[in-house]
J.: 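Let me give you the structure first, and then I'll get to my questions.
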Amino acid sequence: MVLAGAGSGKTRVLVQRIATLVGRGVHPSRILAVTFTNKAAGEMRERLSEMLGYHASSMWIGTFHSTCARLLRMFHEEVGLSSNYNIFDDDDQMRLIGALIKERNLKEEATPRSVLSAIGAAKNKGEDPVEYNKLGYLSQIISIIYPMYRDALAREDAVDFNDLLLKVRDLFAHKAVGPKLRQRFDHVLVDEFQDTNPVQYNLVQGFVGDTRNLTVVGDDDQSIYSWRGAEPRNLLDFKRDYPDSAEVKLEQNYRSTNVILTAANGVIQNNRDRHRKQLWTDRDGGDPVLWEEVRDERAEGDFVAGAIEGLVSEEGREWGDMAILYRTHSQSRVLEEMLRSRGIMYKIVGGVSFFQRKEVKDIRAYMRLVSNAAADMSFDRIVNVPARGIGKTTVDHIRYYSRGKRISYLAGARDAVRGEIPEVRAAARKKLQKFLEIIDGLAAVKKAGASVAEFLIQVVERSTYRERLEKEGTPDASERLNNLAELVSMASDFDDETDGEGSLAEFEERISLASAADGEDGKGSAVTMMTVHAAKGLEYPIVFVVGMEDGLFPSIRENRDVFEPEDRKDLEEERRLAYVAFTRAMDRLVLTSARVRRKWAEVKIAKPSRFLQEIPEDCLAIRIVPDPAPDTSFRRRPARGRSRSRYSNDGYSDTYAADPYDSSPTSRSARAAPSSSYENPSDLDPDHTRIDPTYSDHSYPDHNYPDHSYPDHNYPDHNSPDRTSTHQRAQSSRRLGGRSATPKRHKPSGRQASFGQQSLFGDIDDEFDQRSGYEEFPTYTVEGEIAYESGDGEYQFDQSAEFVEICAGTTVRHKSFGLGRVLTSQGHGKNQKLAIDFSTVGVKTVMARFVDPVF
DNA sequence: TATTCGCACTTTTTT
DNA sequence: AGTGCGAATA
């Protein structure tokens, strides 16, 4: 067993071990190497081919899933599958479960997603879903749906992802096959062992058999898949089950600079459940980790794009040297936009998989149905796609009839054409026949020995898919056509690879097992964008980790605002995720957080990730970018965020620094410039024309920030008196970001940061001057309408009034929602829209003319 | 039967 | 905000 840290060359150890084994005369086909992704498998195969001087094609290198799929093809009969069995992906499973739920009228009780995840949770552990969920609130539903689900899969000659593993596990118990399997491999090696689930561990034990020749490598600090049933405990169990094993700890990191490593160590050491490891590197020093705090996600994207430009022009870096990591896919959109606007090439790894696109799934369904008539779900999917006049009623008749006769829908459709289902009338029969002719024609194409690519072309033609899309002529349609062309070209590659001998089923299997992240690798110069999960095992000279905000990273469950003690495990996994993210970086690590982030159409005030404060100070350069001066050339905007930022930017208080509705002494004392009855910006700045007094208040010494900005290891909680000080620091930081003060940034011990000094990220001082090039904090007087409530409860508009446009931070009153605070504003005048956090109903977007500022 | 409109759901992470 | 589904309509 190798227990090793990030960047210590775990995989290299594995590769070398395999090469050694082969050198010692072990036959390559007797070696099983399990990697976490298909991509990693490909890389391993490539490296081995190089080392051994021949193509390592006979070796069993792959993921658990691809390995099991391969074995199931060999032993399909023993598990009751055909040789063309179908693999259900997430989407297929969800559709099936959705259909079952509907069939049983359980729609009120559960969503397909919840049922699927309950089933999945059980299967990940290798347990029976009904038993496993017996005590849960879904127990009733699962006990109804799961057997139906299982039977449907059996009927369809299909397995889901978990079955792929479970069926192989069952094979070990098979009289004839079990012993064979157990003796199939002389050596077993497993990468990323911390991410194996109990079923996978069982498989490993089975494959190892009696030889006990097993090598695993893993890092418990990088266990980020517990939600998929992974048990880092397997590392411990391993010691128990193989007490004679040697444990090797690799603690030297060859990847990152000392600064980056120290930052990552600083974060991960806050986890309680871990093996103690202290990674070290001989790459001394390094540029400090930069934490850039910006206004919102657009500013974030803009900053990252600008920094990339700077790195290219100032440091001669290439786009391909850089990666942008985020917690969720949804963050990629804005980033893309900002990169595109600067002409930076990028590629996104993962996301909505190519193979999940509707048109691709449709064509895949044709492929499945032709090679496997039992594929009822596929039949359902394409019988009327593209529309050929076969309606719901007709299909319902076929379904009912087929189920009764226990035949496939396709067979049922044939009977219908023959007139054996009287409810299906002549007109419908004719249309059905047309459909069957398409399928049969395709079957003939297949039989004639067409390559997979040729076959797919025929599908696109004969199904009339191409014709329909071309007729449509919309950009969307041509995009779809492109995707289909892409699919065909993939098939063509597959044909080349297999000398045209690969079957449809094999191609379909490969697609099913291909993860979105498996796409071709880094060659070519483009910035890589992906989730942190997808980045595991990769490294880049420069890494941006965006969205370092509490609630996003660490991510937090919907209905909760704070991490409860019982969430410790979740939080620790998030921390490991941060650790993975940070340790991807070789030379430079840049973190960004936004003060305001939009989720859907909603606007949320965000606070910096707690992980940021776990980074040792002397590794970190902090820069807080003030909200930009309003771009008057574009449109007049209110002082967006200026006053609000007093609330949002204190970093470590709760959602707001002070709740205007909270008149508790603690809260009040936290205010820098307390005023009368309760706190809100209007109190401080009743006419919105003066600079917020707190910003020009010099009572907070500069040296409070950033040197001691976040010294507290514990998150100051709601009532902590400490809030005062954090708040004050924030105030002073504001001033730094304001104008006069020279911004301070932290210098890493001994070494001068190149951040800021070089023009790469802009000289920090210049940058501040530039961005805060306005004399005063912006406030506006604009023409507009003032709304007031007239006696009859209607709103009236005073057209002539000149007044202050409602600014973010203002407290307003809405007729039905009551008091609320404006978070952001869009547009102006009559069309001004405000995102308002109401104390009664939460955040809503409301037209400004429907609210009254409270003065 | 096809089309259109409105509503609900989505966004944690993936083999 | 975008999608997909179901109900209502042509």
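Order of the sequence lines fixes the chain letters, A, B, ..., with proteins taken first and strands second; residue numbering starts at 1 for each chain.
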J.: For DNA chain B, determine which residues of residues 85-99 of chain A have any heavy atom closer than 4.0 angstrom to one of its atoms, and list them numerically.
T.: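 Under 4.0 Å from DNA chain B: no residue of residues 85-99 of chain A.
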J.: How long is the line joining CD of Glu192(A) and P of dT14(B), in whole Å?
T.: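 From Glu192(A) CD to dT14(B) P: 14 Å.
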J.: Check the distance between dT15(B)'s P and Ile224(A)'s CD1 and give it to me in whole angstrom.
T.: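 These atoms are roughly 11 Å apart.
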J.: Closer to the 5' end of DNA chain B via nearest nucleotide, is it Asn162(A) or Thr111(A)?
T.: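 Its nearest nucleotide being more 5', the pick is Thr111(A).
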J.: Ignoring backbone atoms, establish whether Asn384(A) has a side-chain N or O less than 4.0 Å from OP1 or OP2 of dT1(B).
T.: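 Looking at the OP1 and OP2 atoms of dT1(B), neither is under 4.0 Å from any side-chain N or O of Asn384(A).
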J.: Consider the side chain of Thr37(A), meaning its heavy atoms from C-beta on, and name the nucleotide among dT15(B), dA2(B), dT12(B) that approaches it most closely.
T.: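 Ranking dT15(B), dA2(B), dT12(B) by closest atom to the Thr37(A) side chain puts dT15(B) first.
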J.: Under 4.0 Å from any atom of DNA chain B, heavy atoms only: list the residues of residues 164-171 of chain A that qualify, in numerical order.
T.: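 Per residue number, the list is empty: none.
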J.: Measure the distance from CG on Asp550(A) to C1' on dT12(B) and round it to the nearest whole Å.
T.: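 To the nearest whole Å, that distance equals 15 Å.
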J.: Considering residues at least two apart in sequence or located in another chain, which fulfil the salt bridge (charged side-chain N to carboxylate O under 4.0 Å, His left out) criterion with Lys536(A)?
T.: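 Lys536(A) satisfies salt bridge (charged side-chain N to carboxylate O under 4.0 Å, His left out) with Glu192(A), Asp195(A) once adjacent residues are dropped.
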J.: If each of Ala428(A) and Thr531(A) is mapped to the nucleotide of DNA chain B with the nearest heavy atom, which maps nearer the 5' terminus, i.e. the 5' end?
T.: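 Comparing both residues, the 5'-ward one is Ala428(A).
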J.: Determine whether the aromatic ring of Tyr225(A) stacks with the base of dT13(B), defined as ring centroids separated by less than 5.5 Å and ring planes inclined by less than 30°.
T.: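 No.
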J.: Would you please indicate if the ring centroids of Phe193(A) and Tyr201(A) are separated by under 6.0 Å?
T.: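 Centroid distance Phe193(A)-Tyr201(A): below 6.0 Å, so yes.
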J.: Any side-chain N or O of Arg113(A) under 4.0 Å from OP1/OP2 of dT11(B)?
T.: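 Answer is yes, contact under 4.0 Å.
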J.: How long is the line joining CZ of Phe355(A) and P of dT14(B), in whole Å?
T.: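 Between P of dT14(B) and CZ of Phe355(A): 16 Å.
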J.: Thinking salt bridges, do Arg399(A) and Asp396(A) make one under a 4.0 Å N-O criterion?
T.: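 Answer for the salt bridge query: yes.
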J.: May I ask you to verify whether the side chain of Arg228(A) and the base of dT13(B) hold a donor-acceptor pair under 3.5 Å?
T.: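 No.
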J.: Is it the case that more than 12 heavy atoms not belonging to Arg340(A) sit under 6.0 Å from its CZ atom?
T.: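 Yes, CZ of Arg340(A) has more than 12 neighbouring heavy atoms, counting only those of other groups under 6.0 Å.
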J.: Looking for any heavy atom pair under 4.0 Å, which part of the strands does Lys431(A) touch: base, sugar-phosphate only, or nothing?
T.: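 Since no nucleic acid heavy atom lies under 4.0 Å of Lys431(A), the category is nothing.
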J.: Which of the following nucleotides, dA2(B), dT13(B), dT15(B), is nearest to the side chain of Trp227(A)?
T.: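 Among the listed nucleotides, the one closest to the side chain of Trp227(A) is dT13(B).
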J.: Tell me whether the rings of Tyr225(A) and Phe36(A) are parallel (<30°), tilted (30 to 60°) or perpendicular (>60°).
T.: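 Tyr225(A) and Phe36(A): tilted rings.
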J.: Under 4.0 Å between a side-chain N or O of Lys392(A) and OP1 or OP2 of dG6(C)?
T.: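 So the side chain of Lys392(A) is outside the cut-off, no N or O lying under 4.0 Å from OP1 or OP2 of dG6(C).
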J.: In whole Å, what is the span from the CZ atom of Arg388(A) to the C1' atom of dT1(B)?
T.: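 Computing the Arg388(A):CZ to dT1(B):C1' distance gives 15 Å.
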J.: Could you work out, with side-chain hydrogen bond (donor to acceptor under 3.5 Å, both in side chains) as the rule, every residue matching Glu549(A), not counting sequence neighbours?
T.: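 Once residues adjacent in sequence are excluded, the partners of Glu549(A) under the side-chain hydrogen bond (donor to acceptor under 3.5 Å, both in side chains) criterion are Arg597(A).
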J.: Has Gln194(A) got a side-chain atom pairing as donor or acceptor with Pro232(A)'s backbone, closer than 3.5 angstrom?
T.: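 No, the answer is negative, given that no donor and acceptor are paired below the 3.5 Å cut-off.
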J.: Contact class for Phe36(A) vs. all strands (heavy atom < 4.0 Å): base, sugar-phosphate, or nothing?
T.: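 Contact class for Phe36(A): sugar-phosphate only.
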J.: Apply ring-ring contact (aromatic ring centres under 6.0 Å, His included) to Tyr326(A) and list each qualifying residue two or more places apart in sequence or on a separate chain.
T.: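 So Tyr326(A) forms no ring-ring contact (aromatic ring centres under 6.0 Å, His included) with any residue.
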J.: Looking at dT15(B), dT1(B), dT13(B), which one has an atom nearest to any side-chain atom of Thr393(A)?
T.: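 Closest of the options to the side chain of Thr393(A): dT1(B).
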J.: Please enumerate all residues that pass ring-ring contact (aromatic ring centres under 6.0 Å, His included) together with Phe161(A), with sequence neighbours excluded.
T.: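 Partners of Phe161(A) by the ring-ring contact (aromatic ring centres under 6.0 Å, His included) criterion, ordered by chain and then number, come out as His65(A).
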J.: Using modelled atom types only, decide if a donor and an acceptor are shared between the side chain of Arg368(A) and the backbone of Ile87(A) within a distance under 3.5 Å.
T.: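 Pair found, side chain donor or acceptor close to backbone of Ile87(A).
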J.: Nearest to the side chain of Ser330(A), heavy atoms from C-beta on, is which of dT11(B), dT15(B), dG2(C)?
T.: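 Closest of the options to the side chain of Ser330(A): dT11(B).
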J.: Give the rounded distance in Å between these two atoms: CD of Gln356(A) and P of dG2(C).
T.: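 Nearest whole value for this atom pair: 21 Å.
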J.: From the list dA2(B), dT14(B), dT12(B), which nucleotide is the closest neighbour of the side chain of Glu574(A)?
T.: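 The answer is dT12(B).
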J.: Please determine, for the side chain of His329(A), which listed nucleotide (dT15(B), dT14(B), dA2(B)) has the closest atom?
T.: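 My answer, after comparing the listed nucleotides, is dT14(B).
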J.: Would you kindly give the NZ-to-P distance between Lys361(A) and dT3(C), to the nearest whole Å?
T.: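 Result: 17 Å.
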J.: In whole Å, what is the span from the CZ atom of Arg327(A) to the C1' atom of dT14(B)?
T.: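 It works out to 12 Å between those atoms.
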J.: How about Arg233(A): does its CZ atom have over 12 heavy atoms from other parts shown lying under 6.0 Å from it?
T.: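 No, CZ of Arg233(A) has 12 or fewer neighbouring heavy atoms, counting only those of other groups under 6.0 Å.
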J.: Between dT1(B), dA2(B), dG2(C), which nucleotide has the shortest distance from any of its atoms to the side chain of Thr394(A)?
T.: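 Per side-chain heavy atoms of Thr394(A), the pick is dT1(B).
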